[in-house]
Each structure stands twice: as C-alpha cells, then as structure tokens.
Amino acid sequence: MITNGFHFIAFMLLFIGVMVWLESKYKDSKFFTYVPALIIVYFGTMLFSTFGFWQGEEVLGARGAIKDAILPAMIFLMLLRADLRDIAKLGWKMILSFFSATITITIGFVIAFTLFKGILSPDAPLTLGALAGSWVGGVQNMSAVMESLNLNSESMGYTLLIDSIDYSMWIMFLLAMVPFAKKFNKWTKADTSVIDKVNENLTIKFDKISTAIEHHHILLLLGLAFSFTALAQTIAGYLPGNFETGWTIIIVTFIGLACAMTPLGKIPGAPQLSNVLLYLLIGLIAATSNFAELTQAPAYILTGFVILLVHGILMLIIAKLFKLDLFTCGVASLANIGGVASAPVLAAAYSQFSIFSLKSLKTVSFKM
C-alpha cells in the first residue's frame, strides 16, 4: 500500500508512461485501436484505487495539489496552436460546419437527457455536462469541466465510459463513410475547391514550425504554462463567487488564445507537453474512483448513442441545405467529439483514399 505522496506520483508517472509507450510500440494492434492508452490509464488507475493500492492524507494532498496545478497549464499549452486568425481563413462553410456540429451535439444532449432522465442517476446532468465538454472539443475540455463541476468519481467513470465506447463506434462509422464521399458530395452539390486551397496553405504553415524539440523549448513552455497558471489563480482569488477553479480556467483560456497569435504559438513541443499533462491529469482524476460505483453503465452508453444519432441526422440535413461536403462535415464532427487528436485521423483517411482513387484511375486509363 502506498501512503507517501511522492511515491504515489512516481508510481502514477511510471504506470502512465508504460501504457503510453506500449500504445506507441504496438500502435497497429487491434487492441490499442479500440482501447486507447488514455482509457487504460483511467480504468487501470480506478482498479488500483478500488483495491486500495494507495491510501492516506499525504497521497490525497499530493494528488489534489498537482491536479489543480496541471489542469490550467495543460489548457494553456493546448491553446498555443489555436490561432483564431487561421480559423477565420477556413471560410464560411467550414466555420458553419464546426458551429453546426457543436449545436447539433448540444441538441442531442438535450433530447437524450429528456428521453432517459427517468432511468439515469440524479447526477446525470453533471455526467452529461462533462461529456458535453469532451464532445465539443476533446478530452482536455472534459477535464476542465470535470474540475469546474467538482464531479464525483461515479459520474467521472460514466463520462469516460461513454466517451470511450460511443466515440469509438462513431469514428468507425465516419471512417466507413470515406469511400462514399463523392456520392455524398454529388447529393449535396458541394464545391470543395476553397477548403482544399486553405488546407494546403495551413499545411505549409505548420510544416515551417520545427519538429525538433529542444530542452530550452520544454523549459520555456513549462515556465510560461505554470507562471500563467499562478497568475490566473491569483486573479481568480479576487473574483466573486465560490468559483475559483472555473475563473482560473477561463482566464488561462483567454491568455492561451492571445499567446497563440504571437511568436509563442510557434514554439515546438506545446502539443506534446499538453498531452503529457493530460494523461497525468486523467490518472489523478481516477485515483479516487471505484468500480463498484458503475452500476448504470448500459443506460449511459445508450444515452450516448442517441446523442450521436440526433447529431448525425441534423448534420445530414444541414449538409444538404448548405451544400457541405462529407469531408468538412466529418472532420467538424470528429474535431468536436474527438478533439484535435482525432480529426487528423479522418483527414488522413480522406487523403489516402483520394490518392488511392487517383492511382486507380491512372491505372485504368493506362490499360485502356
């Protein structure tokens, strides 16, 4: 049994590091395709907690102090690549798709909760609220909402469970739709020339950012992230209401968006450091959870599927009305539900399919 705070943090870092390393080493395996390391970290840590692998006030104190510090720092690092000027260049159709995805997902939450509130736990609004944080921007958003709402371990478990199972099914569905892009675009009468040009320009921009991460990049980013976190926490202490964590997150969000439009947004390593803090944060959140609390998993999983069904139907209608292409709708959907780490997967799938189709066309033309 671990009772020392430092020993607890050391074990968490080792466990998380091993899981992420295994996922990277065996990234082509079917297991990690359907069960990502992030989910293993959460439910593995929950398993350790259930069997009392750690206990004591010192462990809880270390967990709370580090968790409260790394959440705002993670958000700042995540937002350093979110340049609002680049978003504006995407054009009105892409922006419409992203807002439509967010709005239709929100409508899905309202409808699903209305249908199933009688069979869900009293804390269902908080559980679904945290899930909404994830499904309109990724796991980092979910973590921020969890902390702001002071979610209990049972609600957090349901949130992660829905986010894992339902999201996995959704991304498989979107990937399965890739071969039907031309038929879909013909049905909606979509014109993809503008978004193709913008994507090309953005690719050139990000290729110019060095991928070689040096120690001075890491030190500077960590210094900025934790300094701005300290500044935000200090300011939040003077703001009204018992909402210090929420104010801290809001302040750090604005600082991150502002810094993204400066040379700080081009420092290599921000996404990687953000992911490191994310994995540690998820592990710390799960460190006080218990498997015995997850008694309504099927009802919550069904609720998640209804949310996605409503979202999909409404996006289909919007695509037809505004002549949106399948790539734009799919990436907008996955960027919301899966976050920045998932959207490139679908984008790459479309790119590979386009290359394969072009090669096939050339082969057929040559034979003819």
Side-chain angles (χ1 to χ4, degrees), residues 1-26 31-75 78 123 126-127 130-131 133-134 138-168 245 273-297 300-301 339 341:
M1 182 187 298
I2 297 175
T3 57
N4 181 280
F6 172 72
H7 295 174
F8 165 71
I9 298 301
F11 173 81
M12 289 299 303
L13 287 171
L14 176 62
F15 172 62
I16 294 168
V18 170
M19 291 301 104
V20 174
W21 176 79
L22 287 173
E23 182 184 41
S24 175
K25 183 175 178 61
Y26 302 103
F31 177 77
F32 284 107
T33 299
Y34 298 106
V35 187
L38 190 66
I39 300 303
I40 299 175
V41 167
Y42 184 86
F43 287 103
T45 306
M46 183 187 288
L47 187 65
F48 289 130
S49 176
T50 300
F51 287 99
F53 199 70
W54 46 73
Q55 288 182 5
E57 292 298 323
E58 188 175 343
V59 169
L60 293 177
R63 170 189 174 272
I66 295 178
K67 181 170 64 69
D68 291 343
I70 66 176
L71 172 61
M74 177 199 71
I75 293 173
M78 175 190 68
D123 289 335
L126 300 181
T127 300
L131 181 65
S134 175
V139 182
Q140 289 93 337
N141 285 1
M142 177 180 65
S143 302
V145 175
M146 281 180 174
E147 288 300 297
S148 298
L149 296 176
N150 293 318
L151 231 61
N152 59 44
S153 57
E154 177 186 357
S155 298
M156 288 188 288
Y158 286 133
T159 299
L160 266 294
L161 195 64
I162 303 171
D163 193 41
S164 173
I165 296 176
D166 294 38
Y167 156 72
S168 297
T245 300
L273 276 176
S274 175
N275 282 335
V276 170
L277 297 182
L278 170 64
Y279 278 90
L280 179 57
L281 179 64
I282 290 298
L284 293 175
I285 288 174
T288 56
S289 303
N290 193 306
F291 268 112
E293 299 168 340
L294 302 180
T295 58
Q296 290 185 300
Y300 277 99
I301 292 171

Check: S49 side chain, T45 main-chain N or O, donor-acceptor pair, under 3.5 Å: no

Spatial distance of atom CZ (F31) from atom CD (E23) [nearest 0.5 Å]: 10.0 Å

Contact summary for A69 and P72, nearest pair of heavy atoms: O-CD, 3.5 Å

Nearest-0.5 Å distance, CG of residue L13 to CZ of residue F8: 9.5 Å

Distance in Å, I66 CD1 paired with L284 CG, rounded so as to fall on 0.5 Å steps: 6.5 Å

Qualifying residue for side chain to side chain contact (heavy atoms under 4.5 Å, CB included) with F11, from N4, I16, I2: I2

Atom of I40, atom of M19 and distance for their closest heavy-atom approach: CG2-SD, 3.4 Å

Any donor-acceptor N/O pair, T127 side chain to T159 backbone, under 3.5 Å: no

Spacing of CZ belonging to F15 relative to CG belonging to L280, to within rounding of 0.5 Å: 12.5 Å

Parallel, tilted or perpendicular: ring planes of F53 versus F48, cut at 30 and 60 degrees: tilted

CG-CE distance between L273 and M74, expressed to the nearest 0.5 angstrom: 12.5 Å

Euclidean distance, L277 CG relative to I282 CD1, rounded to 0.5 Å: 12.0 Å

Which atom of L281 lies closest to which atom of K67, heavy atoms considered: CD1-CG, 3.5 Å

Any side-chain heavy-atom pair of L22 and F32 under 4.5 Å: yes

Minimal non-hydrogen separation, I301 against D166, with atom names: O-OD2, 2.8 Å

Side-chain donor or acceptor of S24 paired with backbone N/O of V20 under 3.5 Å: no

Closest heavy-atom pair and its distance - T3, E58: O-CB, 3.6 Å

Nearest heavy-atom neighbours spanning G5 and A62: CA-CB, 3.8 Å

